[in-house]
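What follows is a single structure, written as structure tokens, with notes after it.
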2 protein chains.
Amino acid sequence: MKKILNDHLKQQLINTNHFNDLFSTDMSAKTQLLSVPAGGYIIENTKRPAYLFYLVRGKAKLYDAQSNGKTVLIDFFTPPCFMGEMELLDPDSDPFSMQAIEDCLLLALPINQYQNQLLSDTIFLRHICLYLAYKEARDVRTASKNQSFTLNQRLAAFILLTEHNGTYNEKHTQVAQYLGVSYRHLLYVLATFVDQGYLVKHGRHVYQIANREKLMALSSEIRNEPE
Amino acid sequence: MKKILNDHLKQQLINTNHFNDLFSTDMSAKTQLLSVPAGGYIIENTKRPAYLFYLVRGKAKLYDAQSNGKTVLIDFFTPPCFMGEMELLDPDSDPFSMQAIEDCLLLALPINQYQNQLLSDTIFLRHICLYLAYKEARDVRTASKNQSFTLNQRLAAFILLTEHNGTYNEKHTQVAQYLGVSYRHLLYVLATFVDQGYLVKHGRHVYQIANREKLMALSSEIRNEPE
DNA sequence: TGGTAAGTATGAGAAATCTCACACTTGGAG
DNA sequence: CTCCAAGTGTGAGATTTCTCATACTTACCA
């Protein structure tokens, strides 16, 4: 996690993402611009984050650290979205891990300095409420819909979601769990993708996207609202 | 939807559900106690609800009314939980339907009178935020887990969730959609439940629970956290 | 009063997915 | 250096679920 000291870029990102509309007062001066490289941690396991984040560029994934030491994929985040709002709202909530998939740019507000101010800012609280309410509504609808798609389609969407520079590189065991299918079947479908030339395997872990159009076609039905 | 003029009961429900803790001022006098019979509508399609509800007894289900006239099952609610908070937060949000599965008791605050007050009450807003954040976290985890269960298990859980006085009586078409399986397969599994004596069919639409223990055993793995 | 749409119902074959069994690789921990 | 856990990889048969075809019933509308 690196601080970017480029006020022009910071101000530009604040403007294009209407960041100041989220608060009752201008928070520009108090906001830092942070960058996290692909693979880096935005929020580390068991460590309470020091900031409230607003993701403005990049992709990230959320893990849950189970008590038995295993980590489970929970969710994915794309801009614009809050991160760490749970920690801000409930200091007793269990911590989790947020890892960058691509290089991420984040607008960040130091929690310990501004927590009281934020929790007393009705404009901010209303925005968080709306954000959470819409996220919830979207997720519930998506979850129910997703069940009706075949692994072919969901995996295609998943690869496009987690891909970075044309490279897919997630742990099969975790993905199988996240997508709710057996490890065996995930490998099987992945193999058919290679067979059909959608992916090319490089070594043991890395897959290169070879036919993005086809993957998009497979996953397209998932996103679209048919009626 | 009937107003219950029983101040003693109202006060008791307010106390046991810590309703007043949700606000910065005592809302008891402004709160109404409403009841909706099983099958009745708490929020009707296309009609903006007049209240912010807090469900304290009963069960309810949420529908989405599609533009093509179809209705789709979205989610289920059990006490204690808010209802209509989306409408309170965003007057432009699309309306939906909330229908009682069992007789429901609701603490209700008239929106048009208290909207401004509620949206300026940071205690209330923080509670809504926490409620939404935890609901979201729970739903995302559950959704991912659910995929790995067989329809046997999910249907057993679903029947117990939507059952009313030992009677299961949901539309197969909607349930199939909600559970993400084909109509054919739902009917097939339902038939095996009857075969095995878990359910008894009464007429064309109604199923009676005949072996609740077995259904609970089937669904038990869904709720429990194994680790 | 007839027609049409939606819901219910069932059969049979096909496809998707799972379970189990086994083998190999890799990265730490001791 | 060795062992062990976790991850990867593959085969084969079993189970779950889907698709399609086909009927019958019910409610409602013209």
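The chains referred to below are lettered A, B, ... by the order of the sequence lines, with proteins before strands, and numbering in each begins at 1.
- Of the options A:Lys61, A:Lys135, A:Arg138, a salt bridge (Lys or Arg N to Asp or Glu O under 4.0 Å) to A:Asp75 is made by A:Lys135 and by none of the others.
- In this entry the distance linking CZ of B:Arg154 with P of D:dT16 reads 13 Å, nearest Å.
- Side-chain proximity of B:His185 to the nucleotides C:dT8, D:dT17, C:dA16 is greatest for D:dT17.
- In this structure a side-chain-to-backbone donor-acceptor pair under 3.5 Å is missing from B:Asp103 to B:Pro37.
- In this structure, the NZ atom of B:Lys171 is 19 Å from the P atom of D:dT25, given to the nearest Å.
- For the contact set between residues 194-205 of chain A and DNA chain D, defined by any heavy atom under 4.0 Å, the members are A:Lys201, A:Arg204, A:His205.
- The A:Arg184 side chain lies nearest to C:dC20 when the options are C:dC20, D:dC20, D:dG9.
- Regarding A:Leu218, its CG atom lies at a distance of 12 Å from the P atom of C:dA16, rounded to whole Å.
- A donor-acceptor pair under 3.5 Å is formed between the side chain of A:Lys59 and the backbone N or O of A:Glu163.
- Looking at the side chain of B:Leu187, the nearest of the listed nucleotides D:dG9, C:dA9, D:dT17 is C:dA9.
- In this structure, B:Tyr188 and A:Thr173 both approach DNA chain D, and ranking their closest nucleotides by distance from the 5' end singles out A:Thr173.
- For the helix from C:dT1-D:dA30 to C:dG30-D:dC1, the terminal axes (five pairs an end, C1' atoms, rotation from four pairs onto the next four) enclose an angle of 40°, given to 10 degrees.
- As a whole-Å value, the separation of A:Leu190 CG from C:dT17 P is 14 Å.
- When the C1' atom of C:dC18 is taken as reference, atom CG of A:Leu151 falls 12 Å away, rounded to whole Å.
- When each of B:Tyr134, B:Tyr54, B:Phe77, B:Phe19 is tested with B:Phe82 by the rule ring pair (Phe, Tyr, Trp, His ring centres under 6.0 Å), just one qualifies, namely B:Tyr54.
- Ring-plane geometry between A:Phe158 and A:Phe76 is classed as perpendicular, the angle between the planes exceeding 60 degrees on a 0 to 90 degree scale with a lower cut at 30.
- One N or O on the side chain of B:Lys10 and one on the backbone of B:Thr31 form a donor-acceptor pair closer than 3.5 Å.
- Rounding to whole angstrom units, CG of residue A:Asn152 and P of D:dC18 are separated by 15 Å.
- Remark: B:Asn146 CG to B:Gln153 CD distance equals 10.0 Å, nearest 0.5 Å.
- For the OP1/OP2 pair of D:dC18 and a distance below 4.0 Å, the side-chain nitrogens and oxygens of A:Thr150 include no atom meeting the criterion.
- Between B:Glu87 and B:Phe96, some side-chain heavy-atom pair lies under the 4.5 Å cut-off.
- To the nearest angstrom, P of D:dA23 lies 17 Å from OH of B:Tyr183.
- Taking the six-membered ring for Trp and thresholds of 30 and 60 degrees, A:Phe53 and A:Tyr51 have ring planes inclined between 30 and 60 degrees apart.
- Remark: P of D:dT19 and CG of B:Leu186 are 14 Å apart, rounded to the nearest angstrom.
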